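Questions regarding the structure given below will be posed in turn.
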Amino acid sequence: QKLRLYVRRVLAKERIGKLAEGQRLIGTGGTVRNLAKVAAKHWSYPILRLHGYELTQARLRELRGLFLARDSASRASLPGLNASRADSIVAGGIITEGILEACKATQFLVAGYGMREGAVFAAFGVGWLVAAKSALLFSVSWPSGRRIALDPGAAVVGGAAAGCPS
């Protein structure tokens with residue numbers, strides 16, 4: 001509960017607001033992909049690739065319950081969960097839930113590529129599939145390394161991305 005309140009305060013301070021009309025929330029990074037992988041395994045998602053997988057707020061709540069019902073050692077054996085994330089996945093899920101709540105979003109799309117790949121693509125002139133104004137991008141890397149892009153159409157929470165202030 002304390003972490004949830006902390007996340008709300010930080011996101012309110014950072015002014016992460018409601019998605020604009022037609023805007024999508026896109027999650028990237030290891031925590032997001034690991035949440036999606038556990039969900040995909042748990043709910044028998046038939047496609048192996050996670051790029052484009054949609055994870056709902058309701059499913060995130062269910063995952064939180066699944067994680068909290070186990071200690072770290074038994075979480076490590078959950079199908080889809082990287083064992084090295086058994087200790088941090090609960091916090092990562094709570095932060096992700098907070099981001100959805102702050103954006104008034106009910107789901108997000110999982111990006112198969114991370115922000116580092118995006119920075120490389122941008123450096124070599126390879127365009128993203130989503131225009132900045134149509135997406136709000138996030139990655140969970142809390143509290144170290146938090147970055148907010150001031151681009152009016154896109155915000156990046158966590159990680160590092162080209163054009164983000166340090």
Side-chain angles (χ1 to χ4, degrees), residues 1-43 45 50-112 114-116 135-161 164-166:
Q1 187 64 15
K2 287 181 182 182
L3 178 59
R4 291 169 61 113
L5 293 174
Y6 175 76
V7 168
R8 283 184 190 142
R9 278 195 316 271
V10 169
L11 291 172
K13 182 179 167 186
E14 297 292 348
R15 297 188 179 143
I16 303 297
K18 184 179 178 183
L19 293 174
E21 182 71 32
Q23 200 175 33
R24 300 290 310 255
L25 186 62
I26 300 174
T28 185
T31 299
V32 166
R33 286 192 299 269
N34 220 225
L35 287 166
K37 191 172 181 182
V38 172
K41 296 275 186 190
H42 188 71
W43 285 287
Y45 185 65
L50 291 175
H51 184 75
Y53 182 80
E54 195 167 81
L55 192 52
T56 66
Q57 196 171 41
R59 288 278 164 102
L60 276 173
R61 279 192 300 271
E62 291 180 56
L63 285 175
R64 181 170 24 100
L66 182 71
F67 298 146
L68 289 173
R70 293 164 169 74
D71 63 14
S72 181
S74 60
R75 266 195 307 272
S77 66
L78 278 171
L81 183 63
N82 181 332
S84 68
R85 292 188 183 267
D87 287 331
S88 64
I89 198 69
V90 175
I94 289 170
I95 293 166
T96 302
E97 284 183 77
I99 292 168
L100 267 73
E101 182 182 294
C103 296
K104 308 286 189 262
T106 58
Q107 76 253 347
F108 67 92
L109 290 177
V110 175
M115 290 185 199
R116 285 176 288 219
L136 184 72
L137 304 169
F138 78 92
S139 178
V140 177
S141 174
W142 210 291
S144 64
R146 187 177 73 229
R147 304 284 187 263
I148 303 296
L150 301 176
D151 199 354
V156 181
V157 180
C164 291
S166 295

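Values in this document were obtained by computation on a predicted structure and should not be read as measured data.
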Q: Enter the distance from Arg85:CZ to Arg75:CZ here, rounded to the nearest 0.5 Å.
A: 13.5 Å
Q. For Ala36 and Val110, which heavy atoms make the closest approach, and how far apart are they?
A.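 Smallest heavy-atom distance, with atoms named: CB-CG2, 3.6 Å.
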Q: Walk me through it: do Leu63 and Trp43 pass the test side chain to side chain contact (heavy atoms under 4.5 Å, CB included)?
A: CA-CA 11 Å; Leu63 285 175; Trp43 285 287; 3.8 Å; yes
Q) What pair of heavy atoms forms the shortest contact from Ile26 to Ala111, and how long is it? A) CG2-CB, 3.8 Å
Q) If we only count heavy atoms from C-beta on, is the Thr28 to Arg33 side-chain gap below 4.5 Å? A) yes
**Q.** Glu97 and its salt bridge (Lys or Arg N to Asp or Glu O under 4.0 Å) partner, picked from Arg59, Arg64, Arg61
**A.** Arg64
Q. Would you call Leu109 and Leu25 a side-chain contact if the rule is heavy atoms closer than 4.5 Å?
A.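 With C-beta onward as the side chain, the pair stays apart.
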(Q) Nearest 0.5 angstrom please: Asp87 CG to Phe67 CZ, how far? (A)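 Between Asp87 CG and Phe67 CZ, I get 12.5 Å after rounding to 0.5 Å.
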Q. If you take all heavy atoms of Ala86 and Ser72, which pair is closest and at what distance?
A.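 Ala86 and Ser72 have their closest heavy atoms at CB-O, 3.4 Å.
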Q) Please, which pairs that meet salt bridge (charged side-chain N to carboxylate O under 4.0 Å, His left out) have at least one residue in residues 98-110, sequence neighbours excluded? A)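 Output for this query lists Arg8-Glu101.
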Q: Begin from the C-alpha positions of Lys37 and Leu50 and carry the test side chain to side chain contact (heavy atoms under 4.5 Å, CB included) through to its verdict.
A: CA-CA 7 Å; Lys37 191 172 181 182; Leu50 291 175; 3.7 Å; yes
Q. Which heavy atom in Phe108 sits nearest to a heavy atom in Gly27, and how many Å separate them?
A. CD1-N, 3.8 Å
(Q) So, taking the atom named CG in Leu19 and the one named CG in Leu100, what distance separates them when rounded to the nearest 0.5 Å? (A)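 That separation rounds to 8.5 Å.
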Q: For the pair Arg70 (side chain) and Leu66 (backbone), establish whether a donor and an acceptor sit closer than 3.5 Å, ignoring hydrogens and angles.
A: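 Side chain of Arg70 to backbone of Leu66: a pair is present.
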Q) Under the side chain to side chain contact (heavy atoms under 4.5 Å, CB included) criterion, do Thr56 and Thr106 qualify, and how do the steps go? A) CA-CA 6 Å; Thr56 66; Thr106 58; over 6 Å; no
**Q.** Step-by-step side chain to side chain donor-acceptor pair (under 3.5 Å) determination, Ser74 to Asp71
**A.** CA-CA 6 Å; Ser74 60; Asp71 63 14; 2.9 Å; yes
**Q.** Euclidean distance, Ile99 CD1 relative to Leu11 CG, rounded to 0.5 Å
**A.** 6.0 Å
**Q.** Value rounded to 0.5 Å, distance of CG in Leu78 from CG in Asn34
**A.** 10.0 Å
(Q) What's the separation between atom CZ in Arg24 and atom SG in Cys103, rounded to the nearest 0.5 Å? (A)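 The CZ atom of Arg24 sits 13.0 Å away from the SG atom of Cys103.
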